[in-house]
Amino acid sequence: MNALLDNLNPEQHAAVTLPPEPALILAGAGSGKTRVLTTRIAWLIQTGQVAPHSLLAVTFTNKAAKEMLTRLSAMLPINTRGMWVGTFHGLCNRLLRAHHRDAGLPQTFQILDSSDQLSALKRMLKALNIDDEKYPPKQLQYFINNAKECGLRAKDVEANDDFNRKFVELYALYDEQCQREGVVDFPELLLRCYELLDRNQILREHYQARFRHILVDEFQDTNSLQYAWLKLLANYGKQPTNALFAVGDDDQSIYAFRGANVANMEKFEREFRVRHHIKLEQNYRSHGHILEAANTLIRQNSRRLGKNLWTASGEGEPLRVYEAPTDMLEAQWLVEEIKNLIAEGYSREEIAVLYRSNAQSRVLEHALFSAMIPYKVYGGLRFFERAEIKHALAYLRLIENKDDDTAFLRVVNFPTRGIGARTLEQLQDTARTYNQSLYASVPMIAGKAGSNLTAFVNLIEQMRFAAQGLTLPEVIEQVIHQSTLITHYQNEKEGQDRVDNLQELVNAATAFISEEGLAQDTGATTSLVLNDTSAESAPNVAPSTPLANFLAHAALEAGDNQAAEGTPAVQLMTVHAAKGLEFNAVFLTGLEEGLFPHENSLVELDGVEEERRLMYVAITRARKRLYMSLAQSRMLFGQTRYSVKSRFLEELPENTLKWLTPKVQALGSNWSYGASAQSNFGGSNGQYGKKDRAWDEAWDKQDNAQTAAASAKIRQKQGEHASGFRIGQAVFHTKFGEGVILELEGQGADARAQIKFRRHGNKWLALGIAKLTAI
DNA sequence: TGTACGCCTGTTTTT
DNA sequence: CAGGCGTACA
């Protein structure tokens with residue numbers, strides 16, 4: 001028999017060997033989802049049903065794509081390089097590069113990441129003299145991306161009021177600006193690629209004929225545009241339909257807030273008339289109690305596709321629950337337990353500390369630091385997002401594409417070369433008048449300002465010239481020196497890290513070149529489209545340069561959040577970041593109402609259900625041991641907040657839990673030991689910085705007086721305002737939509753409310769004037 | 001051109 | 001409380 005299929009359970013086996021027809025695999029947490037996906041690919045190839053380049057596999061993250069390729073090459077003796085395995089964005093980029101002319105893009109189009117996009121929008125609003133208080137750039141960005149993710153161009157968006165009409169108008173102008181500059185934002189990669197295939201029959205039919213098998217990971221996370229894209233490639237509606245093999249778990253859909261649409265699973269079943277449904281319900285990860293708790297919890301959600309995980313391993317240990325009086329004591333308890341775990345033989349990297357929001361990590365870090373337990377926090381700035389790296393990349397982008405105004409503005413005066421705000425204003429005016437890029441407008445500026453600008457342009461030209469015949473790492477080396485970026489940071493007090501990072505960029509380029517197997521020469525002559533052109537039988541395939549590929553790589557894969565480090569460390573991260581990972585021991589902290597479920601979710605449509613799925617994801621990360629904890633009071637935004645335990649704790653079956661503290665009712669009757677909530681983390685070892693001491697002091701201030709005051713405030717806030725509204729109430733406004741009342745003040749005609757609107761931010765509105773309805 | 005101060009905000013995040 | 005951002009000023 002086929003060795004690939006050894007050791008698969010019956011459902012996994014069935015999924016792997018399904019006939020080439022649409023299929024939906026409902027894969028529970030820890031049920032071997034990635035294994036099924038990769039084994040199916042290997043099986044399809046090995047049995048000769050599909051050639052490696054005729055198969056498309058899509059994931060959401062680069063990490064998942066890499067994992068798939070690694071496993072694949074371990075299963076099959078094939079070169080995975082030419083395979084179409086990647087993220088939606090990565091694959092779309094590849095198609096757009098190959099067919100840039102048909103897509104209406106310059107060969108050298110650059111990719112804007114979210115922050116580049118935001119600065120492009122700010123720049124546009126400024127140029128148009130638009131009040132960014134009235135039309136906040138962030139909101140505009142959200143509006144545009146949202147529209148694009150629904151597959152809508154500006155002309156397709158319906159606007160019912162002046163505000164939205166303005167946004168639509170700005171959306172159109174923004175797209176024009178991007179086109180002029182030869183740049184493409186993230187959602188544009190997808191939309192542009194969709195439109196390319198939709199409009200170009202020859203290309204569409206070529207790729208439809210080619211990708212007989214399309215496999216999608218984390219299908220529950222797809223948005224509308226991604227679904228439409230898949231539908232197009234699967235040749236939906238015609239015969240024959242390509243085999244779309246979708247793997248997902250509706251219970252792990254935790255990204256609705258960024259446009260993911262779980263309904264795509266049902267839509268897929270319906271529209272593709274899916275006949276093959278397979279549920280992977282055997283969990284190979286967690287012990288029985290952990291799984292039982294997760295199952296019981298998720299059963300509270302309505303509208304599930306329905307699935308119940310089971311395990312062949314025993315019940316295991318109960319879930320330990322701890323209720324601490326304060327967040328500091330919660331952290332301290334956690335440290336003690338971690339010490340015990342380590343003493344029991346758990347290694348540090350097998351212990352994860354999870355929390356709902358990043359702000360919670362501070363107090364935990366502080367406690368771990370004091371106890372000298374090595375830890376690593378995930379999240380935060382990533383390599384390619386660092387300012388110095390973005391500066392270096394901006395020079396490279398200008399070498400590649402002179403019209404990239406975002407890159408131009410980023411470095412035209414960095415390091416400073418006497419080009420001030422008024423010069424740039426003048427330049428931007430000229431550019432607008434002649435409808436051309438800033439770079440192209442430089443020769444039209446006269447005087448001293450003009451000569452400074454010319455010097456900058458000459459520098460770029462010189463770099464471009466020198467780049468010919470150099471390898472990519474050599475080009476970068478040249479750029480960071482000639483631009484004087486290196487010298488600039490060397491002269492800065494705290495600049496050494498940045499200098500190191502710039503050097504690291506050169507290394508990253510070297511690694512990139514060898515990984516991709518790209519030609520060593522940056523010349524735009526014969527180098528390859530990512531990997532093999534030989535298999536690219538598509539019409540009009542354009543070549544691409546290593547520099548272009550590297551820049552795309554930098555934008556599409558921002559790199560690790562934190563540099564790798566030697567010592568094994570306890571892992572700290574948000575629950576979102578933990579998705580897809582597993583640990584022997586997991587601490588799930590901050591299980592308080594308002595924090596988890598997050599208070600903002602309470603007023604969102606299906607918000608609590610998404611939070612519950614998040615809790616489900618959190619629980620199912622644990623293999624052997626799960627701790628859950630909460631704090632009755634917590635320092636948040638410089639204020640002490642008091643909360644009751646999370647409803648999710650109440651939803652877990654009592655028989656799976658072991659309370660380490662007496663089960664109490666929290667706030668009020670039991671608040672007697674708050675006074676003893678003193679910090680004993682004081683800066684004893686002298687290693688703390690200013691910040692640490694400030695925290696200590698802040699914490700030490702907690703006392704009964706504050707407790708009483710805060711409790712009173714909570715009671716007052718919960719009371720009803722004379723207007724009939726109350727804090728925390730969900731309201732609807734005809735113009736701003738849904739929101740929540742944050743503050744209420746004044747009486748009668750002066751009564752005002754501060755409302756946090758979902759789409760329009762915080763606003764103070766006069767209750768006598770604004771038409772607010774309670775919802 | 002750089003710094004200082006004051007205001008505001010404060011979930012989750014990949015590409 | 002604290003970091004980010006934007007304006008005002010030297």
Side-chain angles (χ1 to χ4, degrees), chain A residues 58-65 86-93 111-119 122 126 132-133 136-138 145 148-149 184-190 218 221-223 225-226 253-260 354-360 362-363 378-380 382 384-385 413-423 552-559 561 573-580 590 594-604 607 610-611 613-615 617-618 635-641 690-691 694-695 697-699 701 742 754 756 758 761-762:
Chain A
V58 200
T59 62
F60 275 84
T61 63
N62 292 297
K63 204 174 140 202
T87 63
F88 279 100
H89 293 84
L91 295 167
C92 286
N93 173 56
I111 299 168
L112 299 184
D113 67 16
S114 311
S115 62
D116 294 333
Q117 183 188 27
L118 190 61
S119 47
K122 283 184 184 163
K126 211 166 187 179
D132 56 6
E133 297 262 291
K138 275 224 175 84
N145 290 352
K148 288 188 181 182
E149 279 162 10
V184 165
D185 58 45
F186 284 138
E188 181 73 20
L189 279 171
L190 290 172
E218 306 277 15
D221 287 339
T222 51
N223 64 34
L225 180 55
Q226 287 159 341
S253 155
I254 55 172
Y255 286 113
F257 74 92
R258 67 174 196 218
L354 308 185
Y355 34 81
R356 176 62 180 78
S357 61
N358 285 307
Q360 290 164 250
R362 288 203 126 187
V363 59
Y378 287 81
R382 305 159 79 198
F384 288 110
E385 288 166 357
N413 198 35
F414 191 93
T416 49
R417 40 178 78 86
I419 299 169
R422 58 218 161 280
T423 307
H553 164 82
L556 292 173
E557 190 171 354
N561 282 334
M573 64 190 89
T574 63
V575 179
H576 281 91
K579 189 180 172 197
L595 205 56
F596 200 177
H598 196 277
E599 54 197 349
N600 294 357
S601 73
L602 303 181
V603 290
E604 276 162 26
E610 175 141 325
E611 295 285 306
R613 290 191 292 269
L614 195 53
M615 178 79 179
V617 167
M635 267 296 236
L636 211 59
F637 310 140
Q639 277 188 321
T640 312
R641 279 178 43 147
K690 273 195 302 236
K691 279 183 198 164
W695 300 344
E697 278 166 30
W699 291 346
K701 278 190 202 150
L742 298 177
Q754 191 186 29
K756 176 176 187 156
R758 268 226 262 170
N762 289 2

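Each chain gets a letter, A, B and so on, in the order its sequence line appears, and its residues count up from 1.
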For the pair made of CZ in A:F60 and P in B:dT15, what is the distance, rounded to whole Å? 11 Å
Answer with base, sugar-phosphate or nothing: what part of the nucleic acid does A:N413 contact at a heavy-atom distance below 4.0 Å? sugar-phosphate
Is there aromatic stacking of A:F257 on B:dT13 here, judged by a ring-centre distance under 5.5 Å and a plane angle under 30°? no
Electrostatic pair A:R356-A:E611, nearest N-O below 4.0 angstrom: yes
Looking at every strand, decide which applies to A:D221 at a 4.0 Å heavy-atom threshold: base, sugar-phosphate, or nothing. nothing
Whole-Å distance between B:dT14 P and A:H89 NE2? 13 Å
Closer than 4.0 Å, any side-chain N/O of A:S114 to the OP1 or OP2 of B:dT14? no
Residues passing the ring-ring contact (aromatic ring centres under 6.0 Å, His included) test with A:H598, sequence neighbours excluded, are none
Do any N or O atoms of the protein come closer than 3.5 Å to N or O atoms of nucleotides 6-10 of chain C, and which pairs are they?
unit_1 : atom_1 : unit_2 : atom_2 : d
C:dG6  : OP1    : A:K122 : NZ     : 3.4

Which whole-number value in Å describes the distance from A:R356 CZ to B:dG10 P? 14 Å
Would you check, one step at a time, whether the test side chain to side chain contact (heavy atoms under 4.5 Å, CB included) holds for A:H576 with A:F257? CA-CA 12 Å; A:H576 281 91; A:F257 74 92; 3.8 Å; yes
Could you work out which one of C:dG3, B:dG10, B:dT13 sits closest to the side chain of A:F637? B:dG10
Would you say A:E604 and A:S601 are linked by a side-chain donor-acceptor pair, where the criterion is simply a distance under 3.5 Å? no
I'd like to check the side chain to side chain donor-acceptor pair (under 3.5 Å) partners of A:E188; sequence neighbours left out, ordered by chain and number. A:K148, A:R153, A:R192
Quick one: label A:Y255 by what it contacts on the DNA or RNA (base, sugar-phosphate, nothing), any heavy atom closer than 4.0 Å. sugar-phosphate
Cationic N near anionic O, under 4.0 Å, A:D113 to A:R382: no
Spacing of A:R258 atom CZ relative to B:dT15 atom C1', expressed in whole Å: 8 Å
I want to verify a distance call: between B:dT11, B:dT13, B:dT15, whose nearest atom is closest to the A:E604 side chain? B:dT11
Rounded to whole angstroms, how far apart are CG on A:L118 and P on C:dC5? 9 Å
If you measure from the ring centre of A:H598 to the centre of the six-membered ring in the base of B:dT11, is it under 5.5 Å, with the planes under 30° apart? yes
Using whole Å, what does the distance between atom P of nucleotide B:dT14 and atom CE of A:M573 come to? 12 Å
Starting at atom CD of A:E599, determine the distance to atom C1' of B:dT9, rounded to an integer number of angstrom. 14 Å
